[in-house]
A.B. asks: 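Okay, handing you the structure first.
Please read all numbers here as calculations on a predicted model, not as lab measurements. What you see below is based on every heavy atom in this structure, not just the backbone, and it leaves out hydrogens, waters and symmetry mates.
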Amino acid sequence: MSDPEGSGFSSMEGREEQQAFDAVRAVVSWYADRIAAEGRAPVPDEARVRELKAARRAALDDQAQLATADPEEAAGVAAFYAARLRELAGS
């Protein structure tokens, strides 16, 4: 479907927001998996659980901000969280 205005901008805007949302969601999922694994440990590390929950909460807060982000901000969030996921996956 073509953009009635002819600019193609509106479809680009949605793409950046979706990429950012997906990147943040992947990081939130990583944290949730680690929180669950820590909870199943014979002796959960409560400090680690607090750290993971705080990081997950920060990611969720960033995700909520995407509702008002412009395409440039959304692209920055996507890049940050894609890099964060690579960093977390390597640890």
A.B. asks: Using every non-hydrogen atom in the two residues, find where G39 and P44 come nearest and quote the distance to one decimal.
C.D. replies: O-CG, 4.0 Å

A.B. asks: Under the rule for side chain to side chain donor-acceptor pair (under 3.5 Å), what residues qualify as partners of D45, not counting sequence neighbours?
C.D. replies: none

A.B. asks: Of all heavy-atom pairs between A78 and A23, which one has the smallest distance, and what is that distance?
C.D. replies: O-CB, 3.8 Å

A.B. asks: With a cut-off of 3.5 Å and sequence neighbours excluded, list every side-chain donor-acceptor pair involving residues 83-90.
C.D. replies:
| residue | atom | partner | partner atom | Å |
| --- | --- | --- | --- | --- |
| R84 | NE | Y31 | OH | 3.3 |
| R84 | NH1 | E87 | OE2 | 2.3 |
| R84 | NH2 | Y31 | OH | 3.0 |

A.B. asks: For D70, is there any backbone N or O sitting under 3.5 Å from a side-chain donor or acceptor partner on E73?
C.D. replies: yes

A.B. asks: Just how far is it from atom CD of E51 to atom CZ of R48, taken to the nearest 0.5 Å?
C.D. replies: 4.5 Å

A.B. asks: Supply the atom-to-atom distance R40 CZ to I35 CD1, rounded to the nearest 0.5 angstrom.
C.D. replies: 11.5 Å

A.B. asks: Which heavy-atom pair separates A75 from E16 by the least distance, and what is that distance?
C.D. replies: CB-CG, 4.1 Å

A.B. asks: Table please: side-chain donor-acceptor pairs of residues 52-68 below 3.5 Å, with sequence neighbours left out.
C.D. replies:
| residue | atom | partner | partner atom | Å |
| --- | --- | --- | --- | --- |
| R57 | NH1 | D61 | OD1 | 3.1 |
| D62 | OD2 | Y81 | OH | 2.4 |
| T68 | OG1 | Q65 | O | 3.3 |

A.B. asks: State, to 0.1 Å, how close E38 and V43 come at their nearest heavy-atom pair, and which atoms those are.
C.D. replies: OE2-O, 4.2 Å

